[in-house]
Amino acid sequence: MTDRRIDPLAGVDGSGASMTVPRRGVEPATSNLAAQPGRRPRGLGERVRGLSPKLVIGLALILVIVLFGVIGPFLVGDPLDIRDIGRTPPSGEFPLGTTQTGQDVLAQLAYATRGSLLIGLVVGVLALLLSVLFGVIGSYIGGWLDESFSLFTNVMLVIPGLPLVIVISSYVAEKSIWVLAVVLAITSWAASARVLRSVTLSLRNRDYVAAARVAGEKSWRIIGVEILPNLVPVLAAQFVLAVIAAILGEAGLSYLGLGASGTFTWGTMLFQAQNGFALTLGAWWWFIPPGVLIAVLGGALSLVNFAIDEVVDPKLRTAKLHRDKKRIKRRLGGTAEGGVIA
Amino acid sequence: MNDVLLSVTDYNIVYEVEQPVHAVRDVNLELARGEILGLAGESGCGKTTLAYGINRLLKPPAVITSGSAVLHDRDGTDIDVNALTSAQLRRYRWDKVSMVFQGAMNALNPVAAIGDQIDDIFTTHRPGMKRAERREESAALLDLIGVGRDRLKSYPHELSGGMRQRVMIAMALALKPQLMIMDEPTTALDVLVQRDILQEISELRRTFGFSVVFITHDLPLLLEISDRIAVMLQGGIVELDSADRIYRHAQHPYTQRLLESFPSLTGERGAFVRSGDGSQSNGGSAA
Amino acid sequence: MSYLGRKLAFYLVALWGALTINFLLPRLLPGDPVEILIQKLAARGPVTPELRDSIALLLGGDSDAPLIVQYADYLRGIVTGDLGVSITYYPQPVLEIIGQALPWTVSLIGIATVLAFLVGIGLGMLAGWKRGSWLDNLVPVTTMFQAVPYFWLALLLLYLFAVVSSVFPVSGGYDYVYASVGWNWDFIQSAVYYGTLPAITIVVSSFGGWLLGMRNMMVSTLSEDYIVTAEAKGLRPTRIMMRYAARNAILPSVAGFAISLGFVVSGSIVTEQVFSYPGIGSTLLQAVNNSDYALMQGVFLVITVAVLGANLIVDLLYGLVDPRTRARS
């Protein structure tokens, strides 16, 4: 390992909400102990077991929310039905109460979940495609293309996203959910493009890629067969982050009243709650549930992201080492500081 | 005054992973004052683990399961390394035993000037020293080791590999320790630089009289600079003898194999020993 | 090229990019902002041909001049500080309105961001240093805060601390009944009181990112050889943690500031809306709701320039904290 300079522009992790690991997966974990005979390859089963708590909890929460969004709308009534029982607290008939016009909050929540998930998914895919285009393709081909893609990425990165989205969407009066998704995607791909670029650059210089090139493989084939598969964990993490960012971004935009017209999302619910004075009149059942769902989904996705990170960089595991330490202490009563002594 | 500086007895280190790995087994070792002891063996044989154990630098899951390492101090007291509290351990480190690590690139803090990294040692171990004294002492060390005092404000990345290794050695000399553990100190360097540094170490040893534990997989190199050599295999010492006897009458088959595995250009055994200026090309194969 | 030169060049390019986006958006997107604007202006009084031209310059419209000429005129206008006239506050120039709102946002986001950075880096350092400790196990929990949208957290805090228990005021930037804007004690006290809840919102929702980044960097840094050297030197743990581990681990966080700042600024815009804070975010939304395009474009430009400026400063600071960047110059 030589001088690990960090390009201040490279932002190192660059992942959306700055919540991922710097240098993720770029370098193998190395230990300062030259002789470490204790390392033995971990089997797949063992790995899955080792990761399970975070991954399982994360996936379970996501599953519950997705099911609610997919099946929920069929089970509830019309979210637009107006009744003359405005702003009633939760009851048997309306488990989450009603809005100021007597609409069923639970019904709205089910439709909103569907809308938000859809946006998150579409934006996640679009942003991923854009980041692969600018991050992977550019850095693989190199030369002026890489330079200009990289510059473009960096410029997009320092221009604050939400103000740009606000400005764009204020010019587009009637927005469908798809227009909104495109707007969100073109303002949110840059961070992950940069992460992908740095990982691709390191992959590009690996011996097996050089070998494929010497053997006369076509560029698209090398990207598809040699590089992309190795990028999968990073791509997965970036996708997860893109989905979180999209759902948060859409919620913010809709809350400001700039969301898609005629669609229920968590953000539009919060917008309506705000306009219906839910806050000042204490109608907590109206504005709490959408936020809780956003937070839980975001939390679940970051748990999944943690789990992916730990596959990529075993050093980051917390629980495993903790357990080891405890076991050693229990068995031998040694001190952890300054070398362990039996 | 005792002639023995360090006694290691029945030393065992185990990596407490799911299938425990016995990295150092039943090592017994006595190191004389002023002696250079070579520790040879292939990578993973436990030589570095042993050296780290003597300084208690091991981290979990590595555990010293049994045995002791006792340093017989200059003033006559015996220091049982395993019994030191963490405060005592910090005082013991570098003051009695200093270390020179392999690959000095990463062994130096990349964001601190080397003068500050030497200064660190004095502020910790010699709190009475004044700032000017510390600076003068650091500068003198750099002069002594041939880096030059004008490099005090340099950062590690501004120095060549050889220079960095010299700075490491200067740091290791700072407190005039009685033992210096050198873990592959010259492995990453090119042969000429390697040669200079080895000569430097030998001279410094003569001047200051410290002992050296010199760890490397490069047996010819050890034959040249060591007084005695310990050959390690799978955590145990299989042979421990003077360099001369190891070279001429290696007993253990592993040692013999090691010796044979270094080719000589002239075909004669012994030609590989580097003798100053003429036969540099041989050393290259081992570097 | 020197480090400084490269940084300046990059931010100039980024600034040019932002200006160009600002120029192209109203021209390329559907709708006719100039007509809308002029109709609104006409309702307030006669629209002089000069005013009409000035608006067309900013937002495009039916000008016969080719795009490139419009572009040159637009850039000239920006350089001379002509951002047009607001219709919401007619006839106040856009620049003036922004000048009134900017100090609020800069102080709120500035203080909150620095606080979040310090708290996150400090806790991240400790969590990474003592891996597996209770603090370290709390790391996933703090990132949950990140998943919570800024504005929803703001709503929640507002509900709990201003509606349910009136510890803090419900909205505004200061008490305009008792204090008047200026450098007097009453006003500062009032501004701090009103700013506390928005600041807490920003800190709580953004420190988790710093924490996680720093924690992970600490973990990687602790396995570096120079940490072992420091331990072998017998240095005190606090010294190793600060001078060796944290000093190196903080570098990527500083370098990654650009990305985070964009998020903080975006989050703060919405937060300002929740608290009706008289900052640049509220101004932007007001402009959007009133179709006050000149004001909107101006605010976007100023936000972008401010973010670019902050990043430039941080990048220059980075040159100071990492000697290796200096060496390349």
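In this text the structure is predicted, and so the values were computed from the model without any measurement. Order of the sequence lines sets the chain letters (A, B, ...), proteins ahead of strands, with each chain counted from 1.
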request  = Kindly compute the distance separating CD1 (Ile247(A)) from CD1 (Ile119(A)), expressed to the nearest 0.5 Å.
outcome  = 9.5 Å
note = One option among Ala127(C), Gly17(C), Ala14(C) has the most heavy-atom pairs under 4.5 Å with chain A, and it is Ala14(C)
ask   = Taking the side chain as C-beta and beyond, is there a heavy-atom pair between Leu293(A) and Met269(A) under 4.5 Å?
value = no
key: Greatest number of heavy atom pairs closer than 4.5 Å to chain C - which of Gly161(A), Gly291(A), Gly299(A)   = Gly291(A)
message = Using 0.5 Å steps for rounding, measure from the CG atom of Leu153(C) to the CD1 atom of Ile294(A).
response = 12.0 Å
note = To the nearest 0.5 Å, atom OG of Ser131(A) lies from atom CD of Gln238(A) at 7.0 Å
query = When rounded to the nearest 0.5 angstrom, what is the spacing between CD1 in Ile166(A) and CE in Met296(C)?
reply = 9.5 Å
ask   = Do you know which of Val305(C), Asn289(C), Val274(C) has the most heavy-atom pairs under 4.5 Å to chain A?
value = Val274(C)
remark   = Of Val299(C), Leu285(C), Ile269(C), Ile303(C), the largest count of non-hydrogen pairs under 4.5 angstrom with chain A goes to Leu285(C)
inquiry  = At a heavy-atom distance under 4.5 Å, which candidate from Leu261(C), Val13(C), Thr304(C) has the highest pair count against chain A?
reply    = Thr304(C)
ask   = Can you check whether Asn22(C)'s main-chain N or O pairs, donor with acceptor, with Gln297(C)'s side chain at less than 3.5 Å?
value = yes
message = Using 30° and 60° as the class boundaries, would you call the ring planes of Phe134(A) and Phe152(A) parallel, tilted or perpendicular?
response = tilted
request  = Could you tell me which portion of Tyr159(C) (side chain, backbone, both or neither) has an atom closer than 4.5 angstrom to a non-hydrogen atom of chain A?
outcome  = both
request  = Please flag which part of Val165(A) lies under 4.5 Å from any non-hydrogen atom of chain C: side chain, backbone, both or neither.
outcome  = neither
request  = Give, as side chain, backbone, both or neither, the part of Leu253(A) having an atom under 4.5 angstrom from any heavy atom of chain C.
outcome  = neither
Under 4.5 Å from any heavy atom of chain A - which part of Ile21(C) = side chain
request  = Mind ranking Asn311(C), Val265(C), Leu284(C) by heavy-atom pairs under 4.5 Å with chain A and telling me who comes out on top?
outcome  = Leu284(C)
query = In terms of heavy-atom proximity below 4.5 Å to chain C, should Ile168(A) be classed as side chain, backbone, both, or neither?
reply = both
key: Leu297(A) versus chain C, the contacting section by heavy-atom distance below 4.5 Å   = neither
query = Hey, are the side chains of Ser254(A) and Phe271(A) touching, using non-hydrogen atoms and a 4.5 Å cut-off?
reply = no
